Amino acid sequence: MIIMDKYEKVIELAKRRGFLWPSFEIYGSTAGFWDFGPLGTALKRRIKEIWIDFHVIRGGFYEIETPTMCIEDVFVASGHVNNFADLMVECKKCGEAFKVDSAMEKCPECGGSLGEVCAFNLMFKTSIGPGSKRIGYLRPETAQGMFVDFHRLLRFYRDRLPFGVAQIGKVYRNEISPRQGTLRLREFTIAEVEIFIDPRKTEHPNFEDVKNVVLQLYPAKEQLSDGKTLKLSLKDAVEKGIIKQQFVGYHIAQIQLFLLEIGFSQEKIRFRQHKNDEIAHYAIDCWDAEALTDRFGWIEIVGIANRGDYDLKAHAKHSQNEMTVFVPYDKPITRERMVIKPNMRAIGRKFKDNAAKVTEALRTLSLDQFEEGTIRVGDEVIPLTKDLVKYELVSEEISGERVLPHVIEPSYGIDRIVYVLLEHSFDEEEVEGERRVVLRLPPNIAPIQGVVLPLLSRDGLDKKGRWVERSLRKNGFLVDYDESGTIGRRYRRHDEIGTPFAITIDHQTLDDDTVTIRDRDSMKQIRVLIGDVPSVMGELIAGGVIFEKAGTLI
RNA sequence: GCGGCUAUGGUUUAGUGGUUAUGACAUGAGCUUCCCAAGCUCAGAACCCGGGUUCAAAUCCCGGUAGCCGCACCA
């Protein structure tokens, strides 16, 4: 008996049955790259579809697609060129690796001397165009593409906050040591939403819909003290100030609902708050959705951050573009304002070369200074005389103000989700002394939705089977057809890859045109008319009907 | 990147400095059976890559690559 832990069992199954394969295998593979085989690709596609259903269709955020390669400016502005790098140094004596601290000379662990400093920027760098020296980077997140399009998005959403935009795509990070299957890759898929909100309005219009969702929370405070998680409704968590804003809370609930819908185990999901020392300097509140894995413990699969105005401010500055939103007041405000009109002719004559500085000083003059009757240019104090400026008090109507939005960002690691889903779905049980391996994936997530199995490959059963297969394919189901080996063996084959329903053609089919449908999880069977198979399958997969009631239970 | 362990058919595994490299499961063909991995026959399919030592290397040595564990980082 070979003893494997769950990770090994899942990866072994994934490789053997065409979910996941190490990339470039015939050339020896390279860490951090995995191929999705036929079933893995189908599974991943279903996860992405549900994600889009959640965030784009139900959530109302449109999806966009921006290049995976970006020009240098994007990442200079975002800070990735300077900060998405680790300066590392190793102790020559004990081998411990440290992030470089300028004051550090000796190893803090053992006092040994340190080796040479090496920097890793985790971005892949390349050049754009033939002979061009224009630098390009493969993106390490999809977010920047969405920030860079802010001015277009704002117009698309007709100049109103809040609005959100979603993107699913490949991102690249030259990880130092990728391993652990698809939990840590150099090329991977993330699904991100950037929600732009008015920083003064952190309540969520649909908060009521999710306020009773119960979350397993692991706040920063508990991580530092007793290490216990709290089970709280979203409403309580926000009211107690554990989750700082309704808006973030709403999306934490959405993350949980999404994970449950695709088949995660509820008790294996928790939300961990970033502690002060790990939270990005610009972020206001950060949580990670973590999933419990058998070998690696709790691992991060979704991050949700309030990034504040960091990104928009950075791009506005670097690109010299306005990235604010005009937010109208409920009622326009009327106020009186002193309007100062410099007499350029007189100023020019009097101050000559310094005239520009004087007008600039006038332009930024405060009312207090104006009342003092002087302005300050450099070290000089200049009296404001009537020949230099004219002024008048005007009454003006202000209808709103410009606001730099804050960004709420849920960011899903799709490949990690694929692995965890396989692990959470993986089950073994004893059936009449035999080991049965079942992937208990929800029917609408399973890569193959049904398999058609003629009991025998003759007597016309095969012909009937082919007919059922075609009718299912015509109705949009991804199905398989299998007539090799005994019926039991074929059921087991499909249990192992999570096929939820098996349609069996038997001798009774020839008499009364009925077939059986077998439920993967219970192994129970119902009998339905051959012509009803597509509609019954549709209801079963959508979860609109209880299995035992979808036909005549055998 | 550093340290430790490891590398044999699709998967898992045995093995030895020397003929044609085990077995199991899986896969394909056939027979038989026919509603939960039955049986029989047959078939295809492997020593991670490169260098060295040796008459001879899958085996010993060195280097690389990959995997697992730890450090670090993260979706």
Side-chain angles (χ1 to χ4, degrees), chain A residues 1-5 7-9 11-18 21-33 84-86 88-92 94-99 109 115-116 118 120 122 140-143 171 173-186 188-192 278 288-291 295-296 299-305 409-420 431-437 453-459 461 484-496 502 504-508 516 518 520 523-525 554:
Chain A
M1 182 71 187
I2 301 136
I3 296 170
M4 289 187 179
D5 71 3
Y7 172 81
E8 282 175 294
K9 285 177 184 174
I11 290 292
E12 187 271 321
L13 170 64
K15 286 202 278 197
R16 187 164 44 78
R17 297 304 308 271
W21 295 322
S23 298
F24 326 122
E25 210 172 6
I26 62 166
Y27 292 109
S29 302
T30 296
F33 297 97
F84 201 60
D86 291 325
M88 286 185 68
V89 66
E90 272 178 23
C91 172
K92 287 178 182 169
C94 67
E96 197 80 4
F98 302 96
K99 271 189 159 177
E109 289 291 318
E116 288 199 17
C118 41
F120 313 104
L122 298 184
E141 59 178 19
T142 68
V171 299
R173 296 181 191 179
N174 203 358
E175 293 288 343
I176 297 165
S177 177
R179 74 184 58 149
Q180 303 170 344
T182 63
L183 296 180
R184 189 183 183 75
L185 296 169
R186 289 191 166 120
F188 56 103
T189 300
I190 53 181
E192 292 185 299
E278 62 181 316
D288 290 338
E290 297 185 322
R295 185 191 280 193
F296 309 112
I299 61 153
E300 179 185 359
I301 50 168
V302 185
I304 177 163
E409 179 197 75
S411 174
Y412 294 68
I414 299 296
D415 312 273
R416 288 187 170 182
I417 287 174
V418 169
Y419 171 76
V420 173
V431 176
E432 292 167 18
E434 298 279 358
R435 174 168 162 266
R436 184 171 90 111
V437 173
L453 308 171
L455 208 52
L456 298 174
S457 56
R458 52 164 199 265
D459 303 343
L461 296 179
S484 86
T486 64
I487 191 72
R489 178 185 292 266
R490 286 178 274 164
Y491 285 145
R492 291 293 193 274
R493 260 185 211 146
H494 276 88
D495 288 340
E496 193 179 51
T504 307
I505 319 295
D506 57 15
H507 284 101
Q508 194 179 328
T516 68
R518 168 191 180 268
R520 174 198 66 203
M523 300 192 284
K524 287 180 182 167
Q525 287 181 294
I554 296 168

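Naming: A, B, ... by sequence-line order, numbering from 1 per chain. Predicted model, so just to flag it, every value in this text is computed and none were measured.
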Where do N or O atoms of nucleotides 46-51 of chain B meet protein N or O atoms at under 3.5 Å, pair by pair?
none

Please measure how far the [atom1] atom in [N] lies from the corresponding atom in [M], and state the result in whole Å.
N	M	atom1	value
B:rG3	B:rC74	P	24 Å
B:rG44	B:rG30	C1'	15 Å
B:rU11	B:rA37	C1'	15 Å
B:rG17	B:rG9	C1'	24 Å
B:rA21	B:rC47	P	11 Å
B:rC62	B:rC42	C1'	45 Å
B:rU12	B:rA7	C1'	14 Å
B:rU8	B:rU16	C1'	13 Å

Query raised in the report: Where the side chain of A:E12 is concerned, which of B:rU12, B:rC74, B:rC35 is the nearest nucleotide?
Result: B:rU12
Query raised in the report: Is there a Watson-Crick or G-U wobble partner for B:rU53 with both distances under 3.5 Å, and which nucleotide is it?
Result: none
Query raised in the report: Applying a 3.5 Å limit to both distances, which nucleotide forms a Watson-Crick or G-U wobble pair with B:rA14?
Result: none
Kindly give the atom pairs (protein nitrogen or oxygen, nucleotide nitrogen or oxygen) under 3.5 Å for nucleotides 26-31 of chain B.
unit_1: B:rA26; atom_1: OP1; unit_2: A:R489; atom_2: NH1; d: 3.2
unit_1: B:rU27; atom_1: OP1; unit_2: A:R493; atom_2: NE; d: 2.6
unit_1: B:rU27; atom_1: OP1; unit_2: A:R493; atom_2: NH2; d: 2.7
unit_1: B:rU27; atom_1: OP2; unit_2: A:R489; atom_2: NH1; d: 2.7

Are the side chains of [Y] and [X] in contact, using a 4.5 Å heavy-atom criterion?
X	Y	value
A:D495	A:V437	no
A:I301	A:I299	yes
A:R489	A:S484	no
A:F188	A:T182	no
A:T516	A:D506	yes
A:I554	A:K524	no
A:R518	A:M523	yes

Over how many whole Å does the gap from [X] atom [atom1] to [N] atom [atom2] extend?
X	N	atom1	atom2	answer
A:I554	B:rC35	CD1	P	12 Å
A:E278	B:rC73	CD	P	10 Å
A:E409	B:rC74	CD	P	14 Å
A:Y491	B:rA38	OH	P	14 Å
A:L461	B:rC35	CG	P	12 Å
A:E300	B:rC73	CD	P	13 Å
A:I26	B:rA45	CD1	C1'	17 Å

Query raised in the report: Going by the angle between their ring planes, with limits at 30° and 60°, are A:Y7 and A:Y419 parallel, tilted or perpendicular?
Result: tilted
With a non-hydrogen cut-off below 4.0 angstrom, is [X] in contact with a base, only sugar-phosphate, or nothing?
X	result
A:R436	nothing
A:L185	base
A:E175	base
A:D415	nothing
A:V302	sugar-phosphate
A:L455	base

Indicate yes or no for a side-chain donor-acceptor contact from [X] to the backbone of [Y] under 3.5 Å, with no hydrogens or angles considered.
X	Y	answer
A:Y412	A:G303	no
A:R179	A:L185	no
A:E300	A:E290	no
A:E192	A:T142	yes

Requested in this report: Determine, stepwise, if the pair A:E496 / A:R492 fulfils salt bridge (Lys or Arg N to Asp or Glu O under 4.0 Å).
Outcome: CA-CA 6 Å; A:E496 193 179 51; A:R492 291 293 193 274; over 6 Å; no
Identify the pairs formed between an N or O of the protein and an N or O of nucleotides 64-69 of chain B at a distance under 3.5 Å, and give each distance.
unit_1: B:rU65; atom_1: O2'; unit_2: A:G28; atom_2: O; d: 3.1
unit_1: B:rA66; atom_1: OP1; unit_2: A:A31; atom_2: N; d: 3.3
unit_1: B:rA66; atom_1: O4'; unit_2: A:G28; atom_2: O; d: 3.4
unit_1: B:rC68; atom_1: OP1; unit_2: A:Y7; atom_2: OH; d: 2.8
unit_1: B:rC68; atom_1: OP1; unit_2: A:Q180; atom_2: N; d: 3.3
unit_1: B:rC68; atom_1: O3'; unit_2: A:R295; atom_2: NH1; d: 2.2
unit_1: B:rC69; atom_1: OP1; unit_2: A:R295; atom_2: NH1; d: 2.8
unit_1: B:rC69; atom_1: N4; unit_2: A:R179; atom_2: NH1; d: 3.3
unit_1: B:rC69; atom_1: N4; unit_2: A:R179; atom_2: NH2; d: 3.2

Query raised in the report: Between A:T486 and B:rA38, does any side-chain N or O lie under 4.0 Å from OP1 or OP2?
Result: yes
